[in-house]
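Beneath this line is the structure, given in structure tokens, with notes to follow.
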2 protein chains.
Amino acid sequence: MPQPPQLAETAALFADRTRAAFCLALLDGRAWTAGELARHAGVRPSTASEQLSRLIEGGLLTEERQGRHRYVRLAGPEAAGLIEALASYATHASNTQPPQNLRESVRLSAEARARTCYDHLAGRLGVALSDAMIARGLVAAEDGLAVTPDGRTWLADTLGFTRPPGTRRPLVRSCLDWTERRPHLAGALGAALCATALERQWVRRVGSGRAVKVTPEGTEAFQELLGATV
Amino acid sequence: MPQPPQLAETAALFADRTRAAFCLALLDGRAWTAGELARHAGVRPSTASEQLSRLIEGGLLTEERQGRHRYVRLAGPEAAGLIEALASYATHASNTQPPQNLRESVRLSAEARARTCYDHLAGRLGVALSDAMIARGLVAAEDGLAVTPDGRTWLADTLGFTRPPGTRRPLVRSCLDWTERRPHLAGALGAALCATALERQWVRRVGSGRAVKVTPEGTEAFQELLGATV
DNA sequence: GCAACAGTTCGGCGCTCCCCGAACCATGCC
DNA sequence: GGCATGGTTCGGGGAGCGCCGAACTGTTGC
């Protein structure tokens with residue numbers, strides 16, 4: 001037996017409906033309270049509390065206590081990437097069934113339009129922005145993803161973003177979108193773009209989930225800065 | 001509940017010591033018989049048979065029956081990538097403990113030197129070859145991985161490899177090495193390099209696991225073609 | 001101080017799951 | 001045909017796990 005224990009233990013963290021629901025919810029990159037997650041997953045607070053403790057002990061989540069609230073969030077980009085990989089493979093393997101009720105259907109279609117995925121933008125919006133950056137020559141996509149020199153100046157001039165030295169996080173990473181089945185931009189670039197978009201009100205969060213909505217200012221900005229029609 | 005069932009079910013496939021051991025063993029990309037896997041994981045044949053059926057039904061493995069043997073192998077690169085991601089995160093999260101006995105220790109050190117990882121080379125050999133290709137300018141590593149024009153001609157001239165058109169597999173992909181903790185080259189390029197190395201006897205498989213050994217011809221070839229000292 | 005609220009701990013119920021041994025089928029060899 | 005071998009099916013035992021309700025701790029607000 002080589003090192004299977006670790007693999008099995010890690011996988012076991014996700015091998016439960018409730019914990020999986022927590023992880024998918026937390027993919028929006030924000031901090032949730034224990035109660036919110038319990039309601040979201042449809043379990044009692046006591047159950048949620050126990051399962052959260054397990055995820056934290058497994059190193060997947062970090063907690064932050066404020067008063068009588070327990071906020072949890074994903075521990076880091078690696079954890080988010082792993083969940084993303086699992087979810088992507090899972091939906092890839094077994095075709096997902098259509099939603100059962102109207103409320104769910106509305107939520108899903110809003111998320112399909114535009115949403116956050118951990119710390120970057122996804123959905124049709126995310127894919128459109130990625131395509132636009134590639135079309136503008138800011139990112140080169142042949143044989144892998146790479147930021148071009150043009151892209152680096154664009155990042156500095158437009159978003160005020162320069163790569164922090166000494167970090168190990170890749171500047172750009174491909175993240176497979178599970179609604180569009182197409183890759184979009186993640187990594188430090190994706191995170192910077194998403195942060196700027198939220199900060200300058202190009203997009204606004206709607207509801208309690210991952211869905212976001214493009215504002216009129218956002219439509220204009222994306223058109224002007226990237227030539228992207230969203 | 002969005003689509004957590006799929007995620008949980010997929011993760012559950014790995015959330016067992018025996019099945020995890022099977023998956024790690026099959027990462028060498030070869031086909032194993034049910035009995036070999038049973039002995040490898042230290043379980044009875046009946047147990048192995050049941051667990052294998054489960055992995056196959058989950059779409060992770062494919063089977064091929066020959067006479068009284070049941071050969072199984074990983075279903076494809078996506079499956080291998082997922083296992084790789086899980087294993088990489090698992091060993092990253094919890095520091096692995098040193099081996100218990102000599103036999104195990106010998107095997108591990110051989111695998112640390114050079115081994116296959118699904119269909120490409122890994123271990124110190126894999127990292128050294130990746131570094132050499134980057135140093136020679138065949139692959140560009142700043143801000144993502146990409147094959148350079150020089151690299152494309154090198155692939156065609158040296159390995160006789162040109163990218164098959166219409167395939168969706170990325171030409172080059174980064175795969176995190178779990179012994180070296182450093183990325184090395186995977187994707188179609190990694191597969192072609194590994195296949196050529198095995199075919200031209202630059203490396204030879206040793207034992208029944210993933211470990212390989214560099215032959216004298218291999219040492220010479222790697223030096224000459226890539227300037228890599230292994 | 002008291003009530004409302006968020007969260008935790010604990011005992012227990014029920015279910016699943018992993019594993020094995022025994023019996024059974026199929027193939028290959030003598 | 002007889003026998004060894006690889007693999008499968010089936011029944012059962014034992015352990016673990018997920019969930020809940022009830023009781024409890026700690027915080028916030030009146």
Side-chain angles (χ1 to χ4, degrees), chain A residues 1-2 4-26 30-58 60-73 86 208, chain B residues 1-2 4-26 30-58 60-73 86 208:
Chain A
M1 18 216 106
Q6 286 100 317
L7 207 181
E9 280 171 26
T10 303
L13 291 176
F14 303 101
D16 170 73
R17 224 181 329 185
T18 301
R19 288 195 297 269
F22 288 176
C23 290
L24 286 176
L26 289 163
R30 291 184 292 174
W32 293 51
T33 68
E36 286 170 341
L37 286 171
R39 277 189 300 278
H40 177 77
V43 294
R44 298 277 140 201
S46 58
T47 304
S49 174
E50 288 173 350
Q51 305 297 7
L52 282 180
S53 297
R54 195 173 301 208
L55 288 171
I56 291 165
E57 190 173 2
L60 227 67
L61 270 44
T62 56
E63 71 179 330
E64 204 172 325
R65 308 188 99 104
Q66 277 180 25
R68 57 183 169 183
H69 292 281
R70 178 198 210 180
Y71 285 96
V72 294
R73 60 168 73 242
L86 269 165
S208 69
Chain B
M1 13 224 97
Q6 287 100 315
L7 208 181
E9 280 171 26
T10 303
L13 290 176
F14 305 101
D16 169 73
R17 224 183 329 184
T18 301
R19 288 195 298 268
F22 288 175
C23 290
L24 286 176
L26 289 164
R30 291 183 294 174
W32 292 52
T33 68
E36 285 171 344
L37 286 171
R39 277 191 298 278
H40 176 76
V43 294
R44 299 277 139 202
S46 58
T47 303
S49 174
E50 287 173 351
Q51 305 296 8
L52 282 180
S53 297
R54 194 174 302 208
L55 288 171
I56 290 166
E57 191 174 0
L60 227 68
L61 269 46
T62 56
E63 71 179 329
E64 203 172 326
R65 306 188 101 104
Q66 277 179 25
R68 55 182 172 184
H69 291 283
R70 178 198 209 179
Y71 284 98
V72 294
R73 60 168 73 243
L86 270 165
S208 68

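To find a chain, count down the sequence lines: A is the first, B the second, and so on, and within it residues start at 1.
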Fill in: Polar pair under 3.5 Å, donor/acceptor by atom type, side chain Glu50(B), base dC17(C)
no
Discussion item. Using the rule side-chain contact (heavy atoms from CB on, under 4.5 Å), only one of Leu37(B), Thr62(B), Leu60(B) pairs with Val72(B); which is it?
Written reply: Leu37(B)
Worksheet item: In whole Å, what is the span from the CD atom of Gln66(B) to the C1' atom of dG28(C)?
Response: 14 Å
Worksheet entry | Nearest-angstrom distance from the residue atom CG of Asp16(B) to C1' of dA15(D) | 13 Å
Worksheet item: Has the side chain of Arg44(A) got a donor or acceptor that lies under 3.5 Å from a partner of the other kind on the base of dC20(D)?
Response: no
Worksheet item: Rounded to the nearest Å, what distance is computed from the CD atom of residue Glu64(A) to the P atom of nucleotide dG7(C)?
Response: 14 Å
Worksheet item: Starting at CZ of Arg17(B) and ending at C1' of dA15(D), how long is that distance when rounded to a whole Å?
Response: 12 Å
Item to complete: Could you work out which one of dC19(C), dC19(D), dG7(C) sits closest to the side chain of Gln51(B)?
Response: dC19(C)
Item to complete: Tell me what Arg39(B) touches on the nucleic acid: a base, only sugar-phosphate, or nothing, going by heavy atoms under 4.0 Å.
Response: nothing
Worksheet item: Taking OP1 and OP2 of dC25(C), is either one under 4.0 Å from a side-chain nitrogen or oxygen of Arg68(B)?
Response: no
Discussion item. Nearest whole Å is fine: how far is dC19(D) P from Leu37(A) CG?
Written reply: 14 Å
Fill in: Main-chain N/O of Pro45(A) paired to Ser49(A) side chain as donor or acceptor, under 3.5 Å
no
Practice prompt. Measure from the side-chain N and O atoms of Arg19(A) to the backbone N and O of Ala8(B), and report whether any donor-acceptor pair falls under 3.5 Å.
Written response: no
Worksheet entry | Whichever of His69(A) and Ser53(A) has its nearest DNA chain C nucleotide further upstream toward 5' | His69(A)
Worksheet item: Just how far, in rounded Å, is C1' of dC17(D) from CZ of Phe14(A)?
Response: 18 Å
Item to complete: May I have the distance from Glu63(B) (atom CD) to dG6(D) (atom P), rounded to whole angstrom?
Response: 18 Å
Worksheet item: Going from CG on Leu86(A) to CG on Leu86(B), what distance comes out if it is rounded to the nearest 0.5 angstrom?
Response: 5.0 Å
Worksheet entry | Whole angstrom value for the distance that separates P of dC17(C) from CG of Leu13(B) | 11 Å
Worksheet item: Does a side-chain N or O from Arg65(A) land closer than 4.0 Å to OP1 or OP2 of dG26(D), or not?
Response: no
Worksheet item: Out of curiosity, His40(B) NE2 to Thr33(B) OG1, how far, rounded to the nearest 0.5 Å?
Response: 12.0 Å
Worksheet item: At under 4.0 Å, does any side-chain N or O of Thr18(A) touch on OP1 or OP2 of dC19(D)?
Response: yes
Fill in: Toward the 5' end of DNA chain D, by each residue's nearest nucleotide, Ala34(B) or Ala12(A)
Ala34(B)
Response to the item:
Looking only at dG7(C), dT9(C), dC19(C), the nucleotide nearest the Arg70(A) side chain is dG7(C)
Practice prompt. Could you walk me through whether Phe14(B) and Thr10(A) pass the side chain to side chain contact (heavy atoms under 4.5 Å, CB included) test, one step at a time?
Written response: CA-CA 9 Å; Phe14(B) 305 101; Thr10(A) 303; over 6 Å; no
Worksheet entry | Closest-nucleotide 5' rank along DNA chain D - winner of Ser49(B) and Arg54(A) | Ser49(B)
Practice prompt. Test for a donor-acceptor pair under 3.5 Å between the base of dG6(D) and the side chain of Thr33(B), counting only N and O atoms.
Written response: no
Item to complete: With the side chain of Val43(B) defined as its heavy atoms from C-beta on, choose the nearest nucleotide among dC20(D), dC20(C), dT27(D).
Response: dC20(C)
Worksheet item: Quick one: is Thr47(B) getting a side-chain N or O under 4.0 Å of the dC20(C) phosphate, OP1 or OP2?
Response: yes
